[in-house]
Amino acid sequence: MEAQKKQRYDRQLRMWGEHGQEALERCKLCLLNGSATGTEALKNLVLPGIGSFTVIDGALVTARDLGNNFFLEEADLGRPRAECVTRLLKELNEHVRGSYVHEDVGSLIRTNPAFLDDFSLVIATQLTEPSLRLLASACRERSLPLVVLRSYGLVGTVRVAPIEHVLVEAHSDNTPSDLRVVDPFPELLAFARDRFGHVDTLSSSERKHVPYVVLLLHAVAEYKAAHGGALPSSYKEKQAIKAALGALAERWFGEGGAADALNVEEAKAAVNTALSAPSIPPSARAVMAEAEARLSAQKPTLPPEPGQSPTFVPDPSTIRARNFWILAAALARFVRAEGKGTLPLLGVLPDMTADTSSYVELANIYRAKAAADAARVHAHAVAIAHDAGLPDDAVPVEQTVRLCKNAHSLQWLRFRSLDEELTPASARAAQLGALLDEGGDAPAAALYVLLRAADAFHARYNRWPGTMDDDIESDVPLLKQCVGQLLSEYRQGGATLTIRDDLVFEMCRYGAAELHTVAAIVGGVASQEVLKLVTGQYVPLNNTYIYNGLNGTGVVAEL
Amino acid sequence: MSATRAEHAKAVAGSDVASAKVLMVGAGGIGCELIKNLVLCGFRDIEAIDLDTIDYSNLNRQFLFRAAHVNRPKVEVARETVLSFPHDAGTRIVAHHGNVKAAQFDLDYFKQFTIVLNALDNIDARRHVNRVCLAAGVPLVESGTEGYLGQVTVIKKGESECYECQPKSDNKKTYPICTVRNHPDKPVHCIAWAKELLFKKVFGGEETDLVDNSEAAPAADGAPEQPAAAAPPAPKLELQPGESARHFAARVFEAVFAADVRRLLAMSSLWKERAPPAPLELAALVPALDALPVDSPDEDQAAWSVAESAAVFVGALVRAFELRGVRVGQLAFDKDDVECLDFVTAASNLRSAVFGIPAQSRFKVKEIAGNIIPAIATTNAVIAGYIAIEALKVLRAGGSTAQCASAFLCRALSGKRKDRMIVSTRLNPPAAHCFVCGSASVTVQLDLRTATGALLVQEVLIKKLAFHQPNLTKGDRGLYESGDLDEDEVAIEEAKLGKLLTEPPFSLRTGAMLNVSDQSQSLDCELIVVHAEIDVEAHPLGFIVHGADSIGVRRDAGGAGSAGPSGANAGDDSDIEMLDSAPVPASDSTPTARKQARSRRSPSARAPRTASN
Ligand SMILES: [Zn+2]
């Protein structure tokens with residue numbers, strides 16, 4: 001990466017690294033409708049350097065746009081909104097390519113959905129429900145991730161809607177302990193034997209600097225010798241190990257002299273975690289099983305390399321997913337073969353009391369073993385790629401290393417489609433019912449139903465409720481009818497929802513206005529999820545975020 | 001257009017936003033978003049204070065700034081850019097490029113505002129604004145972001161918890177100075193040495209000895225191995241007339257990586273339980289000094305080899321002289337300056353090589369030395385949106401915080417809070433034990449046999465308790481004064497700092513009850529001084545504060561702008577702190593020696609953090 005970019009992006013490179021940035025810079029983003037909400041989201045993606053964006057919007061700039069959209073100027077009044085916002089958004093970052101299409105999004109989706117083929121991710125806002133459903137199906141057909149966002153008065157929603165999403169780097173705060181004290185590998189045993197084989201002959205100072213890993217190995221070996229090779233596993237047996245460590249300290253330092261033997265204390269503290277056999281989390285198991293199933297079914301998850309097929313150039317995110325599945329299958333093979341049931345070694349040695357040279361040596365032993373494990377995984381990956389007719393370097397080594405480092409937290413998320421969400425037969429009434437308690441006087445469930453009712457109102461009257469000049473009141477009963485219909489649908493789905501009349505009125509009062517602060521918040525949340533999808537790092541929300549500006553709360557639900 | 005803004009304001013606030021007078025403190029990451037929100041919400045009377053100028057690394061999120069604006073004051077450019085977009089006629093934005101602690105922003109200044117919005121990036125300025133707003137009775141919306149995380153809360157005297165009611169942890173690391181100078185065992189010690197000692201000596205013209213002679217142990221006959229009094233004065237490291245930058249670099253190299261290391265080796269007691277350091281020879285690492293290319297290396301992610309570090313060490317110095325000439329000698333460390341960062345990375349890695357410590361990449365050194373907190377636009381956008389929403393709620397309630405909430409933007413979408421990405425909670429009531437918004441007293445324990453005025457005033461009152469200009473009295477007797485003083489008075493007050501607390505003018509005995517007041521913060525509190533022997537291992541600062549113990553160390557969710565210096569050292573780069581711990585004989589029996597002997601820890605030192613934007 002060039003120095004200037006490194007400096008510009010320094011604060012975000014620390015979140016997702018150069019590989020995350022590279023993924024971002026390869027993304028071809030499409031924004032459907034450049035309203036305040038749309039441009040607030042896009043701004044947050046242009047700034048960190050998304051590869052390119054295209055705004056498609058058939059609207060002309062109105063006075064209302066000038067009032068809530070920062071990326072417009074007075075002189076833009078009456079001009080194509082797509083053109084105007086693109087001009088100002090491009091100014092934010094000279095590394096980002098921007099273009100626009102002045103065309104009505106709804107009719108484009110109906111007449112020529114193939115326009116989507118040019119993009120790697122779509123953000124949509126200000127669409128009617130029929131257009132949105134068409135769009136969502138077209139995106140699904142193309143495995144194109146879609147993020148829908150909306151701000152409507154004081155209410156906002158973000159819907160994350162790819163078909164599925166895989167991720168290696170969840171950046172979770174808890175790294176598992178992986179010291180292999182229970183089933184030590186030969187190099188570790190050799191280190192303990194060669195450097196600290198005669199623990200009892202060490203000087204008092206040397207004893208205080210025996211790394212606690214070695215103390216644990218020693219204690220476990222003695223336990224096994226005394227118990228016919230059985231490992232300490234129960235709570236009681238682990239307590240016995242702690243007692244043995246205490247006895248060792250007393251023998252070394254005399255009664256009470258062990259107080260400043262920090263390494264012994266560290267060993268005792270680590271007994272509970274370090275003496276558990278390394279386990280594979282269910283989510284990682286599910287990923288590996290799916291990878292092998294896809295491999296044996298020859299599912300079309302392995303697109304050809306660029307160049308192999310002259311007409312089809314897969315998107316970088318497709319390659320990322322393909323390599324994920326290859327690597328997950330390779331991981332499964334490793335676990336079955338070399339790993340003997342365990343994942344590759346993490347290779348990270350935690351802080352511990354030790355003299356510098358033995359700490360460094362021990363850290364290198366763990367690192368080398370982790371590298372050797374990763375090399376084995378990589379060999380499996382090369383073989384799988386080869387069998388699939390891909391070049392041997394289809395999966396870069398650094399991807400293998402990254403996957404091995406994160407093997408515990410691999411994730412495969414599936415997202416419900418918009419059709420599933422919106423069709424009465426498959427709508428999740430119960431999930432919605434659970435949201436009735438969220439948000440006090442204005443439950444998130446009620447806001448969600450009201451937004452859907454506004455869509456139904458629009459489908460019926462071809463305008464939004466509350467937009468008939470000064471006549472808000474007369475739309476209230478009409479919107480109520482729409483609400484009633486939806487509620488009966490949900491009732492059939494098993495959830496009894498009620499919606500207070502004042503909220504129906506509140507919805508009419510909004511008149512489909514986009515308020516800038518709500519647009520900023522919803523745009524912020526949506527762009528954050530887009531970053532997670534594009535970089536393939538951090539866990540995105542699944543699948544709906546409902547912002548309640550009446551009381552400043554936000555909830556996530558899988559609808 | 002103003003009709004639609006008014007619509008907005010009415011819809012959201014139901015109040016007269018246009019007549020509200022709002023102060024925004026900080027014009028960085030959150031501030032850029034916030035000022036846009038305020039204008040688009042219909043606020044028409046806005047003042048903003050920020051100390052900072054624009055850096056290239058701001059451009060990934062501070063969207064009101066362009067490359068052409070680099071080095072200009074943030075607050076002025078933010079104002080210009082916002083006003084270049086459509087805004088209501090009569091919108092007034094006043095930009096103050098300065099420190100929020102400056103005398104002009106006094107209590108009366110704050111009192112003119114309907115509400116104050118913090119968009120800050122450092123604890124010190126946050127504490128100051130907190131105190132002034134409490135005193136002025138003005139509601140304050142407080143905020144911060146770090147990576148994907150962020151938070152917003154609302155503070156008002158008597159109604160809700162203030163910024164200093166709750167302890168928050170801080171990752172600010174302090175390292176005993178003898179460890180840093182004489183026997184580092186972690187990369188971060190070497191980085192602290194390179195940035196705080198060597199850099200300041202070579203680039204900042206500070207006269208410090210890089211070796212701590214106090215650790216020379218007494219020999220058997222009681223005579224010090226290397227008597228401190230007889231120690232040769234620290235050689236100045238300055239470019240001599242006629243000397244080339246390359247040869248100067250070679251001379252510095254020899255002085256700090258060879259001669260100083262030999263001085264350390266002579267303190268044999270230090271190496272009884274430690275692996276001794278090994279001096280480096282430049283000629284062995286850089287065979288052709290005069291032909292050495294001086295470009296900054298591309299490699300950022302992997303650590304350089306020892307030879308590469310030696311080459312970068314020379315190269316960075318040569319470039320610094322080429323680019324800055326005589327100004328080398330007056331420079332402060334800037335993490336975004338290539339020469340500064342190359343020099344500190346190379347020097348810390350060479351130091352690591354001397355002590356057998358693993359080297360670090362430049363990327364990592366930058367994070368640690370620069371105290372960098374990851375920052376992106378998305379989080380700032382959400383948080384600034386929430387600040388605006390909370391501000392509107394306060395206005396709607398006529399200045400009351402009754403409708404307000406604290407919001408936390410979370411990253412982890414798992415566990416108990418799986419369904420909440422933004423957690424919203426009621427505001428906590430003020431804490432009774434808070435010496436800032438309550439009337440609790442503070443007790444400080446220190447060793448009256450050795451404690452000086454400087455310890456009490458500079459360490460306890462200013463650094464720990466965040467007073468800006470403390471005045472100290474006992475009964476009707478004035479002990480120490482600061483603030484609006486003339487030169488002679490300043491000299492008198494400074495002279496007091498060197499005095500023991502048991503001596504005049506302090507004449508304190510254990511249990512003494514003092515009063516501390518600070519006019520700039522309109523804060524006073526009772527301070528009780530108690531004598532105690534302090535375990536310097538557990539309390540390396542040399543004192544223990546009760547009643548506000550957690551206050552001085554809070555983990556900061558970084559914010560946005562910089563309207564005040566962080567800490568007494570000014571600038572947000574001063575986060576590796578070193579302490580002068582009392583000289584201790586190097587026997588195994590003292591706590592300090594034990595601490596020094598014990599820890600050889602992982603090279604993956606986590607970055608110390610306190611601030612961001
Ligand atoms: Zn308080």
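Chain naming here is simple, since letters A, B, ... match the order of the sequence lines and numbering starts at 1 in each.
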Does the side chain of [X] come under 3.5 Å of the side chain of [Y] through a donor N or O and an acceptor N or O?
X        : Y        : result
B:Ser57  : A:Asp10  : no
B:Thr145 : B:Arg61  : no
B:Asn60  : A:Gln12  : yes
A:His19  : A:Gln537 : yes

By a 4.5 Å heavy-atom criterion (distance strictly below it), what part of [X] contacts chain A: side chain, backbone, both, or neither?
X        : result
B:Asp298 : backbone
B:Leu64  : side chain
B:Glu390 : neither
B:Phe65  : neither
B:Thr379 : both
B:Gln403 : neither

**Study point:** Worked verdict on A:Arg14 versus B:Asp300 for salt bridge (Lys or Arg N to Asp or Glu O under 4.0 Å)
**Key:** CA-CA 12 Å; A:Arg14 288 166 202 283; B:Asp300 207 36; over 6 Å; no

Exercise for review: Just give me the residue among B:Ala405, B:Cys404, B:Gly356, B:Gly385 that pairs up with chain A most often, heavy atom to heavy atom, under 4.5 Å.
Suggested key: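 The candidate making the most pairs under 4.5 Å is B:Gly385.
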
Review point. Pick from B:Lys366, B:Glu33, B:Gln301: which one has the most heavy-atom pairs with chain A under 4.5 Å?
Key: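 Most heavy-atom pairs under 4.5 Å with chain A: B:Lys366.
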
Exercise for review: Measure from NZ or CZ of A:Lys43 to the centre of the six-membered ring of A:Phe70 and say whether it is under 6.0 Å with the direction within 45° of the ring axis.
Suggested key: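 No, A:Lys43 does not sit over the ring of A:Phe70.
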
Check your understanding: Does NZ or CZ of B:Lys36 come closer than 6.0 Å to the centre of the six-membered ring of B:Phe85, within 45° of the ring's axis?
Key ->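 Negative - B:Lys36 is either too far from the ring of B:Phe85 or too far off its axis.
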
Between [options], the one whose heavy-atom pairs under 4.5 Å with chain B are most numerous:
options                     : answer
A:Tyr545, A:Phe71, A:Tyr9   : A:Tyr545
A:Gln4, A:Glu40, A:Glu94    : A:Gln4
A:Leu72, A:Val522, A:Leu77  : A:Leu72
A:Leu550, A:Val360, A:Leu47 : A:Leu47

Point to revise | Distance-minimising heavy-atom pair for A:His209 and A:Ser358 | key: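 Reported closest heavy-atom pair: O-OG, 4.4 Å.
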
